Amino acid sequence: LDNLVLNEKKLHDDLDNNWAVVAEAIQTILRRENYTKPYEALKELTRGKNTIDKKAIHTFIDTLDVSSLLKKELKTVTPFNYTGFFII
């Protein structure tokens with residue numbers, strides 16, 4: 001591993017262009033809040049799309065029938081801070 005060189009710009013660009021990776025975290029938070037059919041809601045957002053960016057995720061969050069506090073929490077999840085491990 002000492003010989004690996006990380007291309008940080010490429011890594012950042014790849015994450016910034018693939019906001020779909022936060023869909024799992026959003027679904028988990030919605031389940032915690034007993035949101036009706038969170039999988040189905042996100043399926044509509046993510047299926048058949050070539051790219052999902054920050055704007056698409058935030059627009060989706062804005063359409064959810066949840067409190068403004070929960071929307072604010074959901075918008076804190078990004079591809080840069082979500083690692084797949086999420087404590088609810």
Side-chain angles (χ1 to χ4, degrees):
L1 291 177
D2 290 336
N3 294 331
L4 294 177
V5 177
L6 186 65
N7 184 338
E8 291 186 37
K9 179 167 179 10
K10 176 70 171 144
L11 179 61
H12 181 276
D13 290 347
D14 284 349
L15 287 172
D16 198 35
N17 290 322
N18 291 291
W19 276 69
V21 299
V22 301
E24 178 186 30
I26 292 170
Q27 186 181 150
T28 301
I29 293 169
L30 292 175
R31 286 186 192 285
R32 178 194 74 198
E33 300 297 317
N34 295 315
Y35 189 85
T36 305
K37 299 184 179 182
Y39 173 81
E40 289 77 4
L42 281 152
K43 184 177 168 184
E44 285 293 315
L45 171 70
T46 59
R47 296 292 161 99
K49 306 283 191 310
N50 289 334
T51 59
I52 297 173
D53 59 9
K54 178 181 180 177
K55 182 180 178 186
I57 291 290
H58 284 208
T59 299
F60 168 78
I61 291 169
D62 288 336
T63 67
L64 295 172
D65 186 20
V66 297
S67 71
S68 59
L69 186 61
L70 184 57
K71 287 179 184 183
K72 185 176 179 179
E73 178 186 352
L74 290 168
K75 288 181 180 181
T76 66
V77 180
T78 73
F80 306 103
N81 66 13
Y82 178 62
T83 62
F85 180 74
F86 205 73
I87 298 174
I88 53 173

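This structure is a prediction, so every number in the text was calculated from the model and none was measured. Heavy-atom basis, side chains included; hydrogens, waters and symmetry copies ignored.
For Asp65, the CG atom sits in a loose shell: 12 or fewer heavy atoms of surrounding residues, nucleotides or ligands are nearer than 6.0 Å. The neighbour count for Lys71 NZ, taken as heavy atoms of other residues, nucleotides or ligands under 6.0 Å away, is above 12. Within 6.0 Å of atom CG in Leu69, 12 or fewer heavy atoms from other residues, nucleotides or ligands are found, so the atom counts as exposed in its surroundings. Counting heavy atoms of neighbouring residues, nucleotides and ligands inside a 6.0 Å radius, atom CD of Glu44 does not exceed 12 of them.
Side-chain atoms of Leu45 and Ile26, non-hydrogen and from C-beta on, never get closer than 4.5 Å to each other. Glu24 has its side chain out of reach of Leu42: every pair of non-hydrogen atoms, C-beta onward, lies at least 4.5 Å apart. Contact annotation: the side chain of Tyr39 approaches that of Arg31 to within less than 4.5 Å [non-hydrogen atoms, C-beta and beyond]. By the 4.5 Å heavy-atom criterion applied to side chains, Leu11 and Asn7 are not counted as neighbours. Counting only heavy atoms from C-beta outward, the side chains of Glu73 and Ile29 approach each other to under 4.5 Å.
Side chain of Asp16 to main chain of His12: no donor-acceptor pair is present (N/O by atom type, distance under 3.5 Å, no hydrogens or angles).
Residues Ala41 and Phe60 share a closest heavy-atom pair of O-CE1, 3.5 Å.
Ile52 and Val21 fall within a single hydrophobic cluster, where Ile, Leu, Val, Met, Phe, Trp and Tyr side chains are chained together by heavy-atom contacts under 4.5 Å.
Taking CG of Asn18 as the reference point, atom CG of Asp13 lies at 10.5 Å (rounded to 0.5 Å). Rounding to the nearest 0.5 Å gives a distance of 11.5 Å between NZ of Lys43 and CD of Gln27. Within the model, atoms CG of Asp62 and NZ of Lys55 stand 11.5 Å from one another, a figure rounded to the nearest 0.5 Å.
For the pairing with Leu74, the side chain to side chain contact (heavy atoms under 4.5 Å, CB included) check across Leu70, Val77, Thr76 returns one residue only, Leu70.
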